[in-house]
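Down below is the structure, laid out as structure tokens.
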Amino acid sequence: MRRGSIIYTRVCFRLSAAKCFHSKRSEAHGQLAAYCYTGIFMLRVRFAPSPTGFLHIGSARTFIFNWLYARHNGGAMILRIDDTDVERNTAASLESIFEGLRWLDMAWDEEHHQSERLALHREMADAIFRKGLAYRDFTPAQAGEAEKSGAHGTWLFNPDMREMPREESDRRAAAGEPFALRFRVPRDIVRHVRFADGVYGEQSKATADIEDFALLRSDRMPTYHMASCADDADLRISHIIRGQDHLTNTFKHILIFEALGVELPQFAHLPLLIAPDGTKLSKRRHGPVVSVTTYRDAGFLPHAFVNFLCLLGWSPKDDRERMSREELIEAFSLEGINRSNAVINFSEEDPFDPKAVWLNAESIRAMPVEELADRLAPVVRAAGFAVAREQIVKIAPLVRERIKLMRDVLAVADFFFVKELPPYDPAELIPKKGDAALAIKVLEEAQQTLAQTEFSHDALEAALRSASGRLGIKAGQMFEPIRVAVCGRKTAPPLFGTLEALGCEKCLHRIGQAIGKLQSL
RNA sequence: GGCGCCAUCGUCUAACGGUUAGGACGGAGCCCUCUCAAGGCUCAAAUACGAGUUCGAUUCUCGUUGGCGCUACCA
């Protein structure tokens with residue numbers, strides 16, 4: 001995280017890009033367009049979170065779309081931490097952002113922190129002031145607030161400040177009176193700020209409807225608009241892809257870019273992710289489901305999560321839904337992004353969108369056993385079970401089609417991990433159309449059979465089926481009591497694989513206990 | 001309030017102005033089956049409303065309604 005340097009370079013980093021960055025890093029703020037010294041256009045996108053909360057899934061999606069756009073076009077992905085709000089920044093939040101991004105496993109090519117570039121922001125703000133395109137506003141920080149945000153009138157500017165003679169302004173500034181620097185939005189002529197959004201198309205807004213927004217606060221800290229534009233220009237961002245909540249801010253940003261005399265980047269705004277109640281996602285209102293780490297901790301696979309987020313507000317325009325990372329990169333384009341907000345479907349009972357869960361289950365099913373075992377192992381160990389990897393490898397195929405989230409393994413396969421089964425109702429041991437006596441008979445027969453059978457799936461099945469024949473009962477009636485005796489419940493993974501994975505000793509022990517329970521009924 | 005944006009099944013979405021409005025998730029049912037899953041098949045389910053343009057509007061235009069965003073010396 002050193003100043004303005006490239007500290008995070010990993011896979012996907014293009015050699016040409018590297019050359020480009022190094023060669024032109026020092027060439028300051030003249031041109032925004034991202035051409036490198038060879039004259040070849042260099043596409044550069046950025047993700048700019050502010051560390052004022054955990055990494056939220058909407059932000060994660062913005063990051064992912066930027067990343068896909070960069071990778072699809074062979075461009076560079078820049079991570080920029082927008083930490084100019086010193087009041088609200090927290091180290092924990094910064095950590096949460098990195099944690100979340102690392103989990104997504106999508107590397108960025110450059111990293112910058114705005115707090116280390118304040119001099120640049122101020123310099124650019126002052127340059128705008130020197131051109132007469134900004135003015136000092138000496139209104140005390142709080143005072144103006146009330147009248148501005150009055151219920152009816154729209155606040156645009158304060159004429160006293162805007163029209164203040166330069167001499168008076170200079171004198172008061174020299175006297176040390178604090179002031180905010182405001183952009184002087186053109187008002188003498190009717191003008192529309194226009195741009196073509198990559199998603200929303202032609203956009204236009206009259207300057208008469210744009211207020212004189214602040215560039216610098218009275219403590220000389222840059223505002224978001226100033227810092228963001230200054231850095232976008234300096235870092236030669238070619239495409240700004242961000243949430244639709246910035247669509248109307250873009251008009252202000254264009255005014256800043258113009259005042260700076262730099263070329264405009266391309267803009268593309270993303271439809272917002274909203275909660276089922278139609279409001280935007282917030283931790284206070286919707287709880288931890290809006291945080292990326294919640295998904296990670298519940299046992300989502302990073303790619304399934306990415307896949308899910310991609311499907312919210314974007315479509316490959318064909319019927320594909322499950323897509324690999326390569327397919328996503330290949331298929332991604334701004335044309336596939338639609339314009340209406342997307343609801344993430346969650347509730348108190350189901351904290352995760354069913355589609356996300358399904359995508360995750362699909363990934364799990366498609367995963368090789370060894371890999372699944374490696375991912376399951378930490379979950380099992382974190383729950384306090386000391387289980388050998390080879391045991392987990394045996395269990396993995398039994399749970400693969402029965403878990404949707406990694407953490408489900410604890411509920412589905414707990415009986416593999418415990419020494420002693422938790423208590424269960426002995427009545428569960430009694431098979432359909434049978435009684436306790438039959439259950440005992442079945443279990444005793446099973447004990448004998450298992451004791452002299454090889455513990456492999458096929459041998460076990462053959463032995464138990466013929467045992468049921470000997471007893472003159474249906475196979476199902478034979479299997480039921482054994483399943484409950486061994487698993488402690490009626491629903492469990494397939495019996496023979498379960499017996500094999502559990503091993504002879506444990507099976508016989510548990511069947512013995514079950515017989516005991518039945519006898520004391 | 002002002003300004004901007006959006007509107008297809010419950011949810012995510014597809015549809016050169018001409019389709020029985022398609023797919024997916026979820027739901028329901030059937031099949032398979034040692035339980036539970038997985039899998040296969042089937043069903044229910046949508047163009048917000050009103051005008052206009054057109055031989056013909058989900059699609060183009062206008063209006064209505066609803067929703068979202070911005071309107072901070074937050075980002």
Side-chain angles (χ1 to χ4, degrees), chain A residues 48-53 82-85 87-88 137 139-142 144-145 148-156 178-182 197 200-201 203-206 208-211 213-225 227-228 243-252 269 271-272 274 276 278-280 308 311-322 338-346 350 353-359 361 365 398-404 412 461 464-465 468 474-480 482-484 487 489-496:
Chain A
S50 65
T52 53
D82 280 10
D83 51 358
T84 55
D85 185 359
E87 301 286 313
R88 299 196 306 154
D137 181 351
T139 311
Q142 244 65 28
E145 204 98 347
K148 276 181 207 172
S149 39
H152 347 274
T154 308
W155 179 87
L156 289 173
F179 60 86
L181 196 66
R182 285 187 183 281
D197 189 89
Y200 289 90
Q203 301 294 313
S204 147
K205 184 167 183 171
D209 292 320
I210 302 173
E211 73 282 3
F213 53 94
L215 261 22
L216 293 181
R217 301 183 247 241
S218 48
D219 59 1
R220 295 225 4 114
M221 279 298 282
T223 61
Y224 159 72
H225 302 300
S228 178
Q244 196 238 50
D245 47 345
H246 288 295
L247 189 62
T248 39
N249 285 332
T250 304
F251 299 106
K252 297 175 191 169
H269 289 87
L272 264 23
I274 57 176
T279 62
K280 75 173 178 185
F308 168 67
L311 262 17
L312 294 174
W314 173 81
S315 157
K317 302 288 184 189
D318 51 34
D319 285 340
R320 282 183 293 174
E321 301 228 285
R322 296 156 39 192
N338 48 40
R339 303 194 235 274
S340 47
N341 293 345
V343 172
I344 293 212
N345 208 358
F346 61 81
D350 289 298
D353 191 307
K355 196 135 191 181
V357 173
W358 173 74
L359 244 13
R365 278 173 224 133
L398 297 172
V399 302
R400 183 160 55 176
E401 277 149 12
R402 274 159 267 266
I403 61 173
K404 295 181 189 310
V412 171
E461 173 161 14
L464 290 175
R465 281 192 190 278
S468 70
K474 290 190 167 187
Q477 289 179 295
M478 180 85 201
F479 303 155
E480 263 183 88
I482 301 174
R483 173 177 298 111
V484 175
C487 304
R489 57 172 172 263
K490 280 184 167 164
T491 57
L495 186 59
F496 314 115

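Numbers restart at 1 for each chain; the letters A, B, ... are given by sequence-line order, proteins then strands.
- Counting any heavy atom pair closer than 4.0 Å across all strands shown, A/Ser228 reaches no nucleic acid atom.
- Looking at A/Lys355, its side chain comes within 3.5 Å of the base of B/rA24 through a donor and an acceptor atom.
- Within the 4.0 angstrom heavy-atom criterion, no nucleotide atom of any strand lies near A/Phe251.
- In this entry B/rC25 has B/rG10 as its Watson-Crick or G-U wobble partner, both defining distances falling under 3.5 Å.
- Searching all strands for a Watson-Crick or G-U wobble partner of B/rU54 with both distances below 3.5 Å returns nothing.
- If you measure from atom CG of A/Asp83 to atom C1' of B/rA75, you get 11 Å, rounded to the nearest angstrom.
- Atom CG in A/Leu495 sits about 9 Å away from atom C1' in B/rU35, given to the nearest Å.
- Across the strands present, B/rG39 finds its partner in B/rC31; the criterion is a Watson-Crick or G-U wobble pair with both atom distances under 3.5 angstrom.
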Mind running salt bridge (charged side-chain N to carboxylate O under 4.0 Å, His left out) on A/Asp318 and A/Arg320 for me, showing each step along the way?
CA-CA 6 Å; A/Asp318 51 34; A/Arg320 282 183 293 174; 3.1 Å; yes
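- In this structure, A/Ala475 reaches neither bases nor backbone, as no heavy-atom distance under 4.0 Å exists between it and the strands shown.
- In this entry the distance linking CD1 of A/Ile210 with C1' of B/rA72 reads 16 Å, nearest Å.
- Of the possible donor and acceptor atoms, one in the side chain of A/Thr223 sits under 3.5 Å from a partner among the backbone N and O of A/Ala214.
- When side chains are defined from C-beta on, A/Phe479 counts as touching A/Arg465, because their heavy atoms get closer than 4.5 Å.
- Projected onto RNA chain B by closest heavy-atom contact, A/Lys490 and A/Asp209 fall at different nucleotides, the more 5' of which corresponds to A/Asp209.
- A/Asn249 places its CG atom 15 Å from the P atom of B/rG4, with the value rounded to the nearest Å.
- Among the protein residues, A/Glu321 comes within range of the nucleic acid bases, having at least one heavy atom under 4.0 Å from a base atom.
- For A/Arg339 against B/rC5, no side-chain N or O and base N or O form a donor-acceptor pair under 3.5 Å.
- Nucleotide B/rU33 holds its P atom 21 Å from the CE atom of A/Met478, rounded to whole Å.
- For B/rC36, its base never sits under 3.5 Å from the side chain of A/Thr491 at any donor and acceptor pair.
- Computed from coordinates, the A/Trp314 CH2 to B/rU13 C1' distance equals 12 Å when rounded to whole Å.
- Residue contacts shown for A/Pro493 include a base, since a base heavy atom lies under 4.0 Å away.
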Step by step, would you call A/Glu211 with A/Arg182 a salt bridge (charged side-chain N to carboxylate O under 4.0 Å, His left out)?
-> CA-CA 10 Å; A/Glu211 73 282 3; A/Arg182 285 187 183 281; over 6 Å; no
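- Of all nucleotides present, only B/rC49 satisfies the Watson-Crick or G-U wobble test against B/rG63, with each distance under 3.5 Å.
- With a cut-off of 3.5 Å on both pairing distances, the Watson-Crick or G-U wobble partner of B/rG69 is B/rC3.
- Counting non-hydrogen atoms under 4.0 angstrom, A/Pro178 reaches nothing in the nucleic acid.
- Remark: A/Arg220 CZ to A/Phe179 CZ distance equals 6.0 Å, nearest 0.5 Å.
- Between the side chain of A/Asn341 and the main chain of A/Pro271, no donor-acceptor pair closer than 3.5 Å is present.
- Within 4.0 Å (heavy atoms only), A/Gly313 reaches sugar-phosphate atoms of the nucleic acid but no base atom.
- With a cut-off of 3.5 Å on both pairing distances, B/rA15 has no Watson-Crick or G-U wobble partner at all.
- Rounded to whole angstrom, the span from the CG atom of A/Asp197 across to the P atom of B/rG69 amounts to 18 Å.
- A straight line from CZ of A/Arg402 to C1' of B/rG39 spans 12 Å, rounded to a whole angstrom.
- Among the protein residues, A/Arg365 comes within range of the sugar-phosphate backbone only, with heavy atoms under 4.0 Å from sugar or phosphate atoms but none that close to a base.
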